[in-house]
Amino acid sequence: MSQGKIFEGFEISSEVKESAEVCVIGSGAGGAVVAKELAEYGHSVVLLEEGGKWTKETYPKEPIEVFFRMYRDFGATACLGKPPILMPIGKALGGSTKVNSGTCLRTPNKVLRRWRREFGIEGVEPEQMRPYFERVEKTVSATPVSSQVMGRNNEIFLKGAKNLGYSCGPLIRNADENCHGCGICTLGCPNDGKRSTDLSYIPKALEFGAKVYVDARAEKILVKDERASGVEGSILDRKTGRAKNKIRVNCKLVVLSAGTIHSPLLLKKNGLANSSGQVGRNLRIHPGIRVSAVFDQEIAGHLGVPQAAYVDEF
C-alpha cells in the first residue's frame, strides 16, 4: 500500500478530481478517526478539511493570528441567549482538537446505561466500551496531568477539594512529554505536546494510504439513486479564504464529520437527511463559570495546563 499525502491549497493550481470508496468531510475528533479506521481496513479514503495545516514550525506567532487562522469566525461564534456564550470551533487540520484544552473524559457509565435502557442501543455497556476507550486513549496519549505542568491554581483547587473530602483528581488529557505546561492550549500547541488528531490519527490514516486535502471546503453532497455519490467544493487561498479552484470527489460513501454546528448546516444546505425534522435541533452546550478569590500568596494562574483538575463529587 502506498503512503498517503496531505495536499495543501497553495500547491494546487488547477481543478482537482478524485475517486475513492469513501470521502470524509472534517478532520477533527470524528473525521480523522473514521478516516484512519477505514483506511486501515483497506478502503480508499479522501478527507477534506476546510482549514489549513499548522505545525510547530509554521505555528502563528501572535495570538490574534491564531484566531484568524485556526478558528472559525475568528473565534467569535456565539450561542444566542441570556447571556450569549462563545462556542470555540476549530478550522484547521485537527479540527477543534487543535484548539481545545485537551480534556479527555470517557462517557460516564450512567450515560452509557441510559443509552442502552432508553434508546435500545446495543454494545454500549461500560464493560463493552472499555477496550474502545483504552484504544483511543493509547492513540492520543491520554494520561493524567502531571505535577510538573499542573499549575499552582490547580494544586490549590485539589487541596481544597481534598480538605472537604470531595472526590477529585488530575484530569486526563491527550498530551505527552512534549507538553511544557505553557498554558496556551486554546491557541494551538507550539510544542506539539497536545496530541490533537493532526498529530495522532491523521498520520496513521496517511500510513494506510488516505489522501488529505486541506484548504478544501466541502459545499455540495452529490446524490444518485437516493445515495450519496460524491462531494463538490472549493480549494481555498489560505491567506484570503477565497475560492481559487474546484474539487470533486466521486465516492461510494460520504462521512460527514464537520462538527456539531456545521454538519447540520451542510445537510440543510443540501436538503438532505431531515425526514425527522430534527437536523440542527437539540443542541446542548456546557458553559463554564470563572470563580475568583484573593489569596495571601502569588498564584500565577496563567502558568500550567488550563484544565488540569476535576471534582466529580456531585
Side-chain angles (χ1 to χ4, degrees), residues 4-12 23-36 45-77 86-104 140 173-175 178-179 182 184-206 210-219 233-244 247 255-263 265-266 306:
K5 182 181 177 181
I6 297 176
F7 300 88
E8 303 188 60
F10 64 82
E11 301 175 317
I12 299 171
C23 180
V24 178
I25 301 172
S27 67
V33 177
V34 170
K36 176 263 182 187
V45 175
V46 171
L47 183 148
L48 306 179
E49 166 57 51
E50 183 175 351
K53 174 189 173 185
W54 301 98
T55 66
K56 62 182 180 181
E57 289 78 22
T58 61
Y59 179 83
K61 303 302 181 184
E62 298 295 333
I64 189 65
E65 189 180 356
V66 173
F67 285 107
F68 274 92
R69 302 298 184 193
M70 294 189 188
Y71 277 87
R72 187 170 296 280
D73 302 326
F74 315 120
T77 307
L86 286 176
M87 174 177 281
I89 303 174
K91 190 177 74 171
L93 187 64
S96 293
T97 72
K98 191 71 174 172
V99 294
N100 65 14
S101 293
T103 300
C104 293
V140 301
R173 298 180 67 251
N174 59 321
N178 291 311
C179 174
C182 57
I184 59 171
C185 306
T186 56
L187 296 175
C189 180
N191 306 308
D192 284 353
K194 183 174 63 176
R195 306 306 290 174
S196 45
T197 56
D198 59 310
L199 300 175
S200 52
Y201 278 94
I202 293 295
K204 291 181 179 293
L206 296 171
K211 293 182 178 180
V212 177
Y213 284 86
V214 298
D215 311 304
R217 182 175 62 213
E219 296 165 344
S234 298
I235 300 296
L236 308 175
D237 182 296
R238 192 177 302 176
K239 291 184 178 180
T240 65
R242 294 174 182 170
K244 52 180 259 185
I247 183 169
V255 177
L256 178 54
S257 295
T260 303
I261 303 301
H262 285 268
S263 290
L265 279 176
L266 193 55

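Sequence positions, counted from 1, serve as the residue numbers for this chain.
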Could you check if a side-chain atom of [X] sits within less than 4.5 angstrom of a side-chain atom of [Y], using non-hydrogen atoms only?
| X | Y | result |
| --- | --- | --- |
| His262 | Arg72 | yes |
| Tyr213 | Glu11 | no |
| Ile12 | Ile247 | no |

Candidate list Ser101, Cys104, Cys179, test side chain to side chain contact (heavy atoms under 4.5 Å, CB included), partner Arg173, passing option: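 By the side chain to side chain contact (heavy atoms under 4.5 Å, CB included) criterion, Arg173 pairs with just one of Ser101, Cys104, Cys179: Cys179.
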Tell me the closest heavy-atom pair linking [X] and [Y], and the distance in Å.
| X | Y | answer |
| --- | --- | --- |
| Asn191 | Cys182 | ND2-SG, 4.1 Å |
| Ser257 | Gly31 | CB-N, 3.3 Å |
| Ala92 | Glu49 | O-CD, 3.2 Å |
| Arg69 | Trp54 | CB-CZ2, 3.5 Å |
| Tyr201 | Val140 | CE1-CG1, 3.7 Å |
| Pro63 | Leu187 | CB-CD1, 3.9 Å |

Geometric class of the Phe68/Phe74 ring pair [parallel <30°, tilted 30-60°, perpendicular >60°]: tilted
[X] side, atom [atom1]; [Y] side, atom [atom2] - distance, nearest 0.5 Å:
| X | Y | atom1 | atom2 | answer |
| --- | --- | --- | --- | --- |
| Leu86 | Tyr71 | CG | OH | 10.0 Å |
| Leu93 | Leu47 | CG | CG | 7.5 Å |
| Lys91 | Asp73 | NZ | CG | 7.5 Å |
| Thr186 | Lys98 | OG1 | NZ | 13.5 Å |
| Arg217 | Ile25 | CZ | CD1 | 12.5 Å |

Listed once per pair and sorted, the salt bridge (Lys or Arg N to Asp or Glu O under 4.0 Å) pairs that draw on residues 184-195, sequence neighbours left out: Asp176-Arg195
For [Y], does its backbone N or O pair with a side-chain atom of [X] as donor and acceptor, under 3.5 Å?
| X | Y | answer |
| --- | --- | --- |
| Thr197 | Ser27 | yes |
| Lys244 | Gly9 | yes |
| Asn100 | Gly102 | yes |

Residues Asp215 and Arg238 bridged, charged N to O under 4.0 Å: yes
Pairing of Lys53 and Asp198 as salt bridge, 4.0 angstrom limit: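 Answer for the salt bridge query: no.
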Residue list, side chain to side chain contact (heavy atoms under 4.5 Å, CB included) with Ile261, at least two apart or on another chain: Met87, Ile89, Leu265, Leu283
Heavy-atom neighbours of Glu62 CD exceed 12 at 6.0 Å: no
